[in-house]
Amino acid sequence: EAGVAQSPRYKIIEKRQSVAFWCNPISGHATLYWYQQILGQGPKLLIQFQNNGVVDDSQLPKDRFSAERLKGVDSTLKIQPAKLEDSAVYLCASSLRQGDTEAFFGQGTRLTVV
Amino acid sequence: DAKTTQPTSMDCAEGRAANLPCNHSTISGNEYVYWYRQIHSQGPQYIIHGLKNNETNEMASLIITEDRKSSTLILPHATLRDTAVYYCIVRINQAGTALIFGKGTTLSVSS
């Protein structure tokens, strides 16, 4: 079974530029999460989708971050414009259904904003 | 979700049992205890979860105290590949609830 795929693995941009990350969850998984992990900290939930609907985006900085999950499969997370403090690893995870016991994580995209 | 308290770091010799403690004194009756780990440069990986009974799988054992205020994850024979950050999370199994991570325990296994 293929895991959660994310791309790119690494990205370096200048502040005020925009960037997008892509996630392909495990086939058939209805729930998709985006997390932000700053160095030395645990992952922080940004947004949770159930199919193509948003369940929780309370921690998403909506002035600069946006996410979509068209057709309830792949998802993209965008930052526009980026700030230095956005430097982090962005993790995508999926689970079969909401409240499922196990979530599967991708390897993440490491973003460096200079 | 209830908060958890874990030691910042622990060391373990290869081949010995690693016992990772977690305090969750404000856990609610319908909240489960989950453990995930994150190996360097990888995403977190599910290990085990339980409600009130002790649990064991191929990776680890989970011991939950009778009052459910604390738990211990046991890796029976630690290897170098078990070096990782281990996260203890409490969560209800309900639609809409995501995993909320703390800082976890960095376990270093040495030969």
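In what follows, chains are A, B, ... by sequence order, proteins preceding strands, each numbered from 1. When reading the values below, keep in mind they use all heavy atoms of this one structure, side chains included, and skip hydrogens, waters and symmetry mates.
- Between the side chains of B:Thr65 and B:Asp67, a donor-acceptor pair is found at a separation under 3.5 Å.
- With a 4.5 Å cut-off on non-hydrogen atoms, A:Gln50 does not touch chain B at all.
- With rounding to the nearest 0.5 angstrom, the CZ atom of B:Arg37 is 13.5 Å from the OG1 atom of B:Thr106.
- Using a 4.0 Å cut-off between charged nitrogen and carboxylate oxygen, A:Asp86 and A:Arg64 count as a salt-bridge pair.
- With respect to the salt-bridge test (charged N to carboxylate O, under 4.0 angstrom), the residues A:Asp57 and A:Lys62 qualify.
- At a 4.5 Å heavy-atom cutoff, the contact between B:Tyr36 and chain A is made by side-chain atoms alone.
- Below 4.5 Å, heavy atoms of chain B meet heavy atoms from A:Tyr33, A:Tyr35, A:Gln37, A:Gln41, A:Gly42, A:Pro43, A:Leu45, all part of residues 33-46 of chain A.
- Proximity of B:Tyr86 to B:Leu75: side-chain heavy atoms (C-beta onward) are separated by under 4.5 Å at one or more points.
- A side-chain N or O of B:Arg91 and one of B:Tyr34 form a donor-acceptor pair less than 3.5 Å apart.
- Checked options B:Pro7, B:Ser9, B:Cys12; the residue passing with B:Leu107 is B:Cys12 (criterion: side-chain contact (heavy atoms from CB on, under 4.5 Å)).
- Going from atom CH2 of A:Trp22 over to atom OG of A:Ser75 covers 10.5 Å, rounded to the nearest 0.5 Å.
- Near-neighbour residues of residues 105-114 of chain A relative to chain B, defined by a heavy atom under 4.5 Å from a heavy atom of that chain, comprise A:Phe105, A:Gly106, A:Gln107.
- Of residues 44-64 of chain B, those residues lying under 4.5 Å from chain A by any heavy-atom pair are B:Pro44, B:Tyr46, B:His49.
- For the atom pair CD1 (A:Ile79) and NZ (A:Lys11), the distance works out to 11.5 Å, reported to the nearest 0.5 Å.
- Between A:Ser95 and A:Phe104 there is no side-chain heavy-atom pair separated by less than 4.5 Å.
- With no hydrogens or angles considered, a side-chain donor-acceptor pair links B:His24 and B:Ser71 at under 3.5 Å.
- Donor-acceptor pairing under 3.5 Å is lacking for the side chains of B:Ser111 and B:Glu14.
- Residues satisfying the side chain to side chain contact (heavy atoms under 4.5 Å, CB included) criterion with A:Ser18, sequence neighbours excluded, are A:Gln80.
- Inter-residue side-chain proximity for A:Cys92 and A:Pro25 is flagged as unmet; no heavy-atom pair is nearer than 4.5 Å.
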